[in-house]
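All values below were derived from every heavy atom in this structure, side-chain atoms included, with hydrogens, water molecules and symmetry-related copies excluded.
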Amino acid sequence: MTLEQKILFHLSEAVKTIYQSTTETNQFNLQETRKEFEGQITVVTFPITRISKKSPEQTGEDLGNYLKANVDEIISFNVIKGFLNLVISDEYWFQQLKNEYLNPNYGIMPTSGKKVMVEYSSPNTNKPLHLGHIRNNLLGYSVAEILAANGNEVIKTNLVNDRGIHICKSMLAWQKFGNGETPESSGLKGDHLVGKYYVIFDKEYKKQQDELKAKGQSEEEAKKNAALIQEAQQMLQAWEAGDEAVITLWKTMNSWVYAGFEQTYSKLGVDFQKFYYESDTYLLGKDIIDEGLSKGIFFKKPDGSVWIDLTTEGLDEKLVLRADGTSVYITQDLGTAQLKYNDFGMEESIYVVGNEQDYHFKVLFLILEKLGKSWAKGLYHLSYGMVDLPTGKMKSREGTVVDADDLIDEMVATAKQRTEELGKVDGFSEEEKANLYQMIGLGALKYFLLKVEPKKRLLFDPNESIDFQGNTGPFVQYTHARICSVLAKAAFNGNEQFNFPGQLSDTERDLIVMLSQYLQILQNAAKEHSPALVANYVYELSKLYNKFYHEEPILKLEDENLKTFRLALSKSTAAVINKAMALLGILVPERM
RNA sequence: GCCUCCAUAGCUCAGCUGGAUAGAGCAACGGUUUUCUAAACCGUGGGUCACAGGUUCGAAUCCUGUUGGGGGUACCA
């Protein structure tokens, strides 16, 4: 039983005995005591006045006295207006540190037995990844790590969008304008090479449209009649028919893209246990259409198209199969959802996809529920806001994107420059330097993207560099390195014996209290699917440690017991920083 | 039109299921190092929590409406 549970239990007992009431514990509200008051745990007494029929102050006094008499850890209390502040003994916090937070297993939850799938990244194979994809990748990876830390078995999957008209556009442009260019011949990373032709396609296509419009065609006609788009459509048909030449080209260009993606993924430090490819899954879902028709959930229109009526749910009528019998986006997704469940039988399945698809997923989940899929209630769309530039939306076609590889390189270069300015790499080998710059540059980028609540849209100004000071990844990394430095100088290994030093300073106590909150943060982050909670916590923790570091000497202490205690506190803090940052996919250095 | 998300300091963001005087970072200004790493710490200034109602002992938080912005809206994915 945790201290919180103990207090809640006795609170409920107190109300029963003092006020002869049978109120359940969920009526009580425990919170952290604000900094300016004495104590660590606060009970808000306003809600209880309804039962006590006394003033908030008197109620606080009554409950405070009862709790103090019945809970050993509470040594005193004070009542300010409707707030009962409980002062927990320093000895208790000390023991918590020694027994719990210093334990290497602190923050590792027991197995829940639950299986969770996280699908993320899901790139198109016609262009390189950009900043928006980075947000997606980091979110997906981090949420997966958070769920795993909560004891779940997590399967990270990537559903690659490797077919369709957009892919044909790149292929066609390469065929027409590429002169046999390859990644080897051009020195370009494969995904960038393919992306180049995607942009070329769009440029040439626009040119053709303008020519047609000059001849008097309307915008719409020009879009349809341009030779290039018609060729691309023919190519898609040839692909679907299994045309050998087209398939070969498709395979070749995709292999270039995959090689490029692999590099970017590896730099970002994200990984997957299972890849699905739309070229394999795009025909799935038709049996689900039949199932829906036979269950009377779908209906057929005279032209043969299949629909579902969701107007009673406040949505629209939605097409689920074209009149010609071919599938649309949602048809495939219905099929793929079933396939994923058949493959893994997971309780929960999370889709990390931008908020532009909110409606799509709402409909998808609703349909699966209506079809009576038992697993439909475990589906969750982790919707996140777009990353916008000051000039507006990023558009790959028009080349107005912040390229993922460029940005990563830039961040690493900035990290290098800053580190050299500070002159902190004396005695580092070249390899160690390179690792450190990578760690810091990526740390800054990842933290920058993950500290913001997923659903909020993010504005990125390429002209303003990402910070390395203040509420940033490098700040947290620096704090970790700083602790490691102290521990190394003391040759501290964590097994040294130490006793309660008699009392704790305010900052020592605050630090231990904060360490105690890590488990709660971990659970909330999983519940809310929000790495931002972890990021903000680890920042606050680092800030508090730096305060402690400045206020209290460690190595200079002559009192060996106190010194060991402070080293142990430092070590516990470093361990939590390390674990929390790992949940964000950020590595922390021992020196920087 | 309809649906949906967002709006907190000059800028970027926290603010947990409603609780005490709304907090950080950046930017500005001032201070701290004969060194346990100054990528740090301490301090000053900066707010009509978009606006208007409502619920409540209590609202940045919940409800309704208004304004502004993003996204979606049936055979693209």
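Using a 4.0 Å heavy-atom distance criterion, A:Lys543 is classed as a sugar-phosphate-only contact. Residue A:Glu552 is classed as a base contact, given a heavy-atom separation below 4.0 Å to a base. Within 4.0 Å of A:Asn126, counting heavy atoms only, lies no atom of the nucleic acid at all. Within the 4.0 angstrom heavy-atom criterion, only backbone atoms of the sugar-phosphate kind lie near A:Phe475; the bases stay farther away. Nucleic acid contact for A:Tyr549: base, since at least one base atom lies under 4.0 Å from a heavy atom of the residue. Counting non-hydrogen atoms under 4.0 angstrom, A:Asp426 reaches nothing in the nucleic acid. Among the heavy atoms of the strands, none lies under 4.0 Å from A:Glu540. The residue A:Glu278 sits close only to the backbone: its heavy atoms come under 4.0 Å of sugar-phosphate atoms, none of a base. Note on A:Glu317: a base of the nucleic acid sits closer than 4.0 angstrom, heavy atoms only. At the heavy-atom level, A:Met592 lies under 4.0 Å from base atoms of the strands shown. Nucleic acid contact for A:Val44: base, since at least one base atom lies under 4.0 Å from a heavy atom of the residue. Residue contacts shown for A:Leu458 are limited to sugar-phosphate atoms, with no base heavy atom under 4.0 Å away.
For A:Ala481, the side-chain atoms get nearest to B:U37 when compared with the rest of B:A40, B:U37, B:A14. Among the nucleotides B:A74, B:C26, B:G69, the one closest to any side-chain atom of A:Asp316 is B:A74. Across B:C36, B:A39, B:C42, the shortest atom-to-atom separation from the side chain of A:Lys547 is found for B:C42. You'll find that the side chain of A:Lys556 is closest to B:C36, out of B:C36, B:A39, B:U8.
If you take CD of A:Glu356 and P of B:C3, they are 21 Å apart, rounded to a whole angstrom. Rounded to whole Å, the distance from CZ on A:Phe299 to C1' on B:C75 is 13 Å. Taking atom CD on A:Glu36 and atom C1' on B:G23, their separation rounds to 11 Å, with Å as the unit. Summarising the geometry, the separation between CG on A:Leu30 and C1' on B:A20 is reported as 16 Å, rounded to the nearest angstrom. Atom CE in A:Met514 sits about 12 Å away from atom C1' in B:A24, given to the nearest Å. Put simply, CG on A:Leu8 is 14 Å from C1' on B:U17, counting in whole angstrom units. Atom-to-atom, CD of A:Glu453 to C1' of B:C16 comes out at 11 Å; the value is rounded to the nearest Å. Rounded to whole angstrom, the span from the CG atom of A:Leu519 across to the P atom of B:C16 amounts to 21 Å.
Both tests pass for A:Arg482 against the ring of A:Tyr549: distance under 6.0 Å to the centre and angle within 45° of the axis.
Side chain A:Thr42 to base B:A20: a donor-acceptor pair is found below 3.5 Å. For A:Asn546 against B:A39, no side-chain N or O and base N or O form a donor-acceptor pair under 3.5 Å. The base of B:A39 sits with one of its N or O atoms less than 3.5 Å from a complementary donor or acceptor on the side chain of A:Thr419.
Mapping A:Glu528 and A:Phe548 onto RNA chain B by nearest heavy atom places A:Glu528 closer to the 5' end of the strand. For A:Ile165 and A:Asn355, each mapped to the nucleotide of RNA chain B holding its nearest heavy atom, the one lying further toward the 5' end belongs to A:Asn355.
Donor-acceptor pairing under 3.5 Å is recorded for the side chains of A:Asp316 and A:Tyr359.
The CD atom of A:Gln40 lies 9.5 Å from the CG atom of A:Leu3; values are rounded to the nearest 0.5 Å.
The six-membered or imidazole ring of A:Tyr198 lies away from that of A:Phe201, with a centre-to-centre distance of 6.0 Å or more. You'll find the ring centres of A:Tyr380 and A:Tyr351 outside the 6.0 Å limit. Between A:Tyr329 and A:His360, the ring center distance clears the sub-6.0 Å criterion.
Side-chain nitrogen and oxygen atoms of A:Lys81 include none within less than 4.0 Å of the OP1 or OP2 phosphate oxygen of B:G58. In this model, the phosphate group of B:U37 is approached by a side-chain N or O of A:Lys489 to a distance below 4.0 Å at OP1 or OP2.
For the C1' atoms, the distance from B:A7 to B:A50 is 6 Å, rounded to whole Å. When the C1' atom is used for both B:U8 and B:C49, the distance is 4 Å, rounded to whole Å. Nucleotides B:G58 and B:U33 have their C1' atoms positioned 47 Å apart, rounded to a whole Å. Taking atom C1' in both B:G46 and B:G30, one finds a spacing of 16 Å when rounded to whole Å. A gap of 31 Å separates the C1' atoms of B:C11 and B:U17, to the nearest Å. Taking atom C1' in both B:G31 and B:A38, one finds a spacing of 13 Å when rounded to whole Å. Only the C1' atoms considered, B:A22 is 15 Å distant from B:C16, to the nearest whole Å. B:U61 and B:G19 have their P atoms separated by 10 Å, with the value rounded to a whole Å.
Nucleotide B:A28 forms a Watson-Crick or G-U wobble pair with B:U44, both donor-acceptor distances falling under 3.5 Å. Figure legend. B:C2 is base-paired to B:G72; pairs are counted as Watson-Crick or G-U wobble with both atom distances under 3.5 Å. Under the Watson-Crick or G-U wobble criterion, with both distances below 3.5 Å, B:U21 has no partner in any strand shown. Base pairing of B:U33: no nucleotide in any strand meets the Watson-Crick or G-U wobble criterion (both distances under 3.5 Å). Checking B:A7 for Watson-Crick or G-U wobble geometry (two distances, each under 3.5 Å) identifies B:U67 as its partner.
Residue-nucleotide stacking is present for A:Phe46 and B:G19, judged by a side-chain ring centre under 5.5 Å from the six-membered base ring centre and planes under 30° apart. Judged by centroid separation below 5.5 Å and plane tilt below 30°, A:Phe37 stacks onto the base of B:A20.
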Please tabulate, one pair per line, all N/O donor-acceptor pairs under 3.5 Å involving side-chain atoms of residues 515-528 of chain A, not counting sequence neighbours.
from	atom 1	to	atom 2	distance (Å)
A:Ser516	OG	A:Val513	O	2.4
A:Gln517	NE2	A:Glu32	OE1	3.4

Full working for salt bridge (Lys or Arg N to Asp or Glu O under 4.0 Å) between A:Glu313 and A:Lys370: CA-CA 11 Å; A:Glu313 271 83 8; A:Lys370 279 178 169 280; 3.3 Å; yes
Stepwise salt bridge (Lys or Arg N to Asp or Glu O under 4.0 Å) check, A:Arg566 with A:Glu508: CA-CA 8 Å; A:Arg566 285 187 180 163; A:Glu508 285 168 344; 2.6 Å; yes
